[in-house]
Peer 1: 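Have a look at this one.
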Amino acid sequence: MFILSQTPSIANHFLAELRDVSVQTDRMRFRRNLERLGELLAYEISKSLSYRTETVQTPLAESKTFLLRQPVVLATILRASLPFHQGFLNMFDQAENAFIGAYRGHHLNDDTFEVEMDYITSPNLQGKTLILMDPMLATGRSLEKVYHALLRFGVPAQTHIASIIASQEGVRYLKARMPECRLWLGAVDDTLNEHFYIVPGLGDAGDLAFGPKE
Ligand code: URA
């Protein structure tokens with residue numbers, strides 16, 4: 001498991017701005033920080049992928065370089081993940097893409113919820129590198145449900161899960177249920193509250209990025 005905030009770096013500024021109530025209300029900055037953290041996590045993941053050696057022709061001579069051996073598929077859960085996804089696309093600019101509409105369908109009598117999924121589009125995933133992302137890894141149940149739905153499109157050679165803020169509980173859940181997936185996180189927070197929001201977390205990432213919903 002990789003945790004970006006464990007290393008002192010500028011990434012911690014972006015995380016701090018996402019969390020800070022006096023900064024996070026600037027929606028454009030909020031989205032841009034999700035995107036910047038997507039770029040940084042994409043770069044970290046890229047170091048773990050496999051490359052082939054190629055030669056490119058410059059105007060002066062040949063130059064040896066490393067190029068990705070396998071195509072990458074970026075899969076994102078709507079809607080908060082869209083700016084995060086864009087950050088990944090800024091790095092993996094030739095990636096194929098999958099989009100999934102998933103949301104918490106709340107039970108009326110208590111605070112529990114079922115993950116509802118009503119939209120999924122994906123390229124064939126067989127043998128490819130899948131990067132599945134959601135900026136907030138709270139319980140891990142959305143990611144689990146979406147991952148299993150994506151397997152209908154083929155079994156990836158490897159799956160990376162990227163989140164900006166995870167809860168310890170969510171991390172434990174995914175490690176137990178999906179041990180074949182590698183986790184790439186911005187930060188890991190202590191707890192979930194009674195509404196399954198991450199604490200301290202940052203609040204509702206979708207609302208902060210795109211405005212409140214009905
Ligand atoms: N989704 C969010 O936007 N925030 C959380 O804390 C958990 C899920």
Side-chain angles (χ1 to χ4, degrees), residues 1-27 29-45 48 76-85 87-88 102-107 110-115 131-147 159-210 212-213:
M1 181 168 77
F2 173 87
I3 306 174
L4 191 57
S5 60
Q6 280 181 343
T7 308
S9 81
I10 197 69
N12 291 285
H13 282 240
F14 309 157
L15 274 163
E17 288 191 357
L18 286 174
R19 292 183 190 274
D20 188 333
V21 286
S22 65
V23 181
Q24 61 171 200
T25 46
D26 177 349
R27 277 186 204 144
R29 179 165 282 272
F30 190 85
R31 290 193 301 270
R32 184 68 187 107
N33 281 322
L34 293 178
E35 184 179 343
R36 293 201 283 189
L37 286 160
E39 290 169 355
L40 294 179
L41 283 172
Y43 179 63
E44 294 298 337
I45 293 174
S48 76
T76 218
I77 303 179
L78 301 171
R79 71 187 160 138
S81 203
L82 286 174
F84 192 36
H85 188 105
F88 274 80
Y103 57 94
R104 294 173 170 192
H106 283 274
H107 293 162
D110 55 26
D111 263 331
T112 60
F113 67 90
E114 292 292 333
V115 178
I131 303 178
L132 173 56
M133 66 198 85
D134 189 346
M136 306 301 282
L137 194 184
T139 64
R141 286 197 275 146
S142 307
L143 279 164
E144 182 192 25
K145 183 153 186 170
V146 163
Y147 174 61
T159 301
H160 303 268
I161 294 192
S163 276
I164 293 178
I165 300 182
S167 72
Q168 291 194 8
E169 186 180 321
V171 168
R172 270 196 304 275
Y173 186 86
L174 289 191
K175 276 185 165 174
R177 303 284 189 118
M178 293 149 59
E180 69 277 25
C181 301
R182 189 154 173 207
L183 293 178
W184 301 82
L185 308 171
V188 180
D189 284 5
D190 292 340
T191 49
L192 293 175
N193 70 11
E194 66 278 19
H195 304 295
F196 303 100
Y197 273 73
I198 301 170
V199 181
L202 51 74
D204 190 305
D207 286 1
L208 287 161
F210 296 114
K213 55 195 171 298

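Numbers here are sequence positions counted from 1. Note that the structure is predicted; figures quoted are calculated from it, not measured.
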Peer 1: Are any of the side-chain heavy atoms of Met178 and Thr159 separated by less than 4.5 Å?
Peer 2: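 Of all side-chain heavy-atom pairs linking Thr159 with Met178, none is under 4.5 Å.
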Peer 1: Would you call Glu35-Arg32 a salt bridge at under 4.0 Å N-O?
Peer 2: yes
Peer 1: Are Asp134 and Val146 packed together at the side-chain level, in the sense that at least one heavy-atom pair is separated by less than 4.5 angstrom?
Peer 2: no
Peer 1: At their closest point, which heavy atom of Val115 faces which heavy atom of Ala102, and how far apart are they?
Peer 2: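 So the two residues come closest at CG1-CB, 4.3 Å.
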Peer 1: To the nearest 0.5 Å, how far apart are CE in Met133 and CG in Leu143?
Peer 2: 10.5 Å
Peer 1: Hey, what do you get for CG (Leu41) to CD1 (Ile3), rounding to the nearest 0.5 Å?
Peer 2: 11.0 Å
Peer 1: Once rounded to the nearest 0.5 Å, what's the spacing between atom CD1 of Ile164 and atom CG of Leu40?
Peer 2: 9.5 Å
Peer 1: Can you name the nearest heavy-atom pair linking Arg31 to Pro83, along with the distance?
Peer 2: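 Answer, listing the atom of Arg31 first, then Pro83: O-CB, 3.5 Å.
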Peer 1: Is a side-chain donor or acceptor of Arg177 paired with a backbone partner of Gly140 at a separation under 3.5 angstrom?
Peer 2: no
Peer 1: Could you grab the distance from atom CG of Asp189 to atom CE of Met136, nearest 0.5 Å is fine?
Peer 2: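 One gets 7.5 Å once the value is rounded to the nearest 0.5 Å.
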Peer 1: With the side chain counted from C-beta on, respond yes when Leu82 and Phe210 share a heavy-atom pair under 4.5 Å apart, and no when they do not.
Peer 2: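 Yes, their side chains come closer than 4.5 Å.
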Peer 1: Which pairs, with at least one residue in residues 1-17 and sequence neighbours excluded, count as a side-chain hydrogen bond (donor to acceptor under 3.5 Å, both in side chains)?
Peer 2: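 Found Glu17-Arg29, Glu17-Asn33.
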Peer 1: To check you understand the geometry: which heavy-atom pair defines the closest contact between Ile45 and Ala162, and what is its length?
Peer 2: CD1-CB, 4.4 Å
Peer 1: Evaluate the side-chain contact (heavy atoms from CB on, under 4.5 Å) criterion for residues Leu192 and Val199: first the C-alpha distance (whole Å), next the side-chain angles of each, then the deciding distance (0.1 Å), finally the verdict.
Peer 2: CA-CA 6 Å; Leu192 293 175; Val199 181; over 6 Å; no
Peer 1: Any salt bridge between Asp207 and Arg27, counting N to O under 4.0 Å?
Peer 2: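 Salt bridge flag = no for Arg27 with Asp207.
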Peer 1: Would a 4.5 Å heavy-atom cut-off, applied to side chains only, mark Gln168 and Asp190 as touching?
Peer 2: yes
Peer 1: Can you tell me how far apart CG (Leu208) and CZ (Arg19) are? Round to the nearest 0.5 Å.
Peer 2: 13.0 Å
Peer 1: Do Leu4 and Phe2 make a side-chain contact, defined as non-hydrogen atoms from C-beta onward lying under 4.5 Å apart?
Peer 2: yes
Peer 1: Got Leu202 and Leu15 here, is their nearest side-chain heavy-atom distance under 4.5 Å?
Peer 2: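 No, every pair of side-chain atoms sits at 4.5 Å or beyond.
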Peer 1: Can you name the nearest heavy-atom pair linking Leu18 to Gln24, along with the distance?
Peer 2: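 So the two residues come closest at O-NE2, 2.8 Å.
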Peer 1: In chain order, what residues pass the ring-ring contact (aromatic ring centres under 6.0 Å, His included) check against Phe88, with sequence neighbours excluded?
Peer 2: Phe84
Peer 1: Considering non-hydrogen atoms only, spot the tightest contact between Arg79 and Gly206 and give its length.
Peer 2: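 That closest heavy-atom pairing would be NH2-C, 3.4 Å.
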Peer 1: Looking at Ser163 and Leu185, would you say the former's side chain and the latter's main chain have a donor-acceptor pair under 3.5 Å?
Peer 2: no
Peer 1: To the nearest 0.5 angstrom, please state how far the CG atom of Leu37 sits from the CD atom of Glu44.
Peer 2: 11.5 Å
Peer 1: Where is the tightest heavy-atom contact between Leu34 and Ala209, given as atom of each residue plus distance?
Peer 2: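 Looks like CD1-CB, 4.3 Å.
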Peer 1: Within the structure provided, determine whether Leu174 and Met1 are in side-chain contact (heavy-atom separation under 4.5 Å).
Peer 2: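 Heavy-atom side-chain distance check fails, nothing below 4.5 Å.
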Peer 1: Compare all side-chain heavy atoms of Lys213 with those of Tyr103 and state whether any distance is below 4.5 angstrom.
Peer 2: no
Peer 1: Check the orientation of Phe113 and Phe196. Use parallel for under 30°, tilted for 30 to 60°, and perpendicular for over 60°.
Peer 2: perpendicular
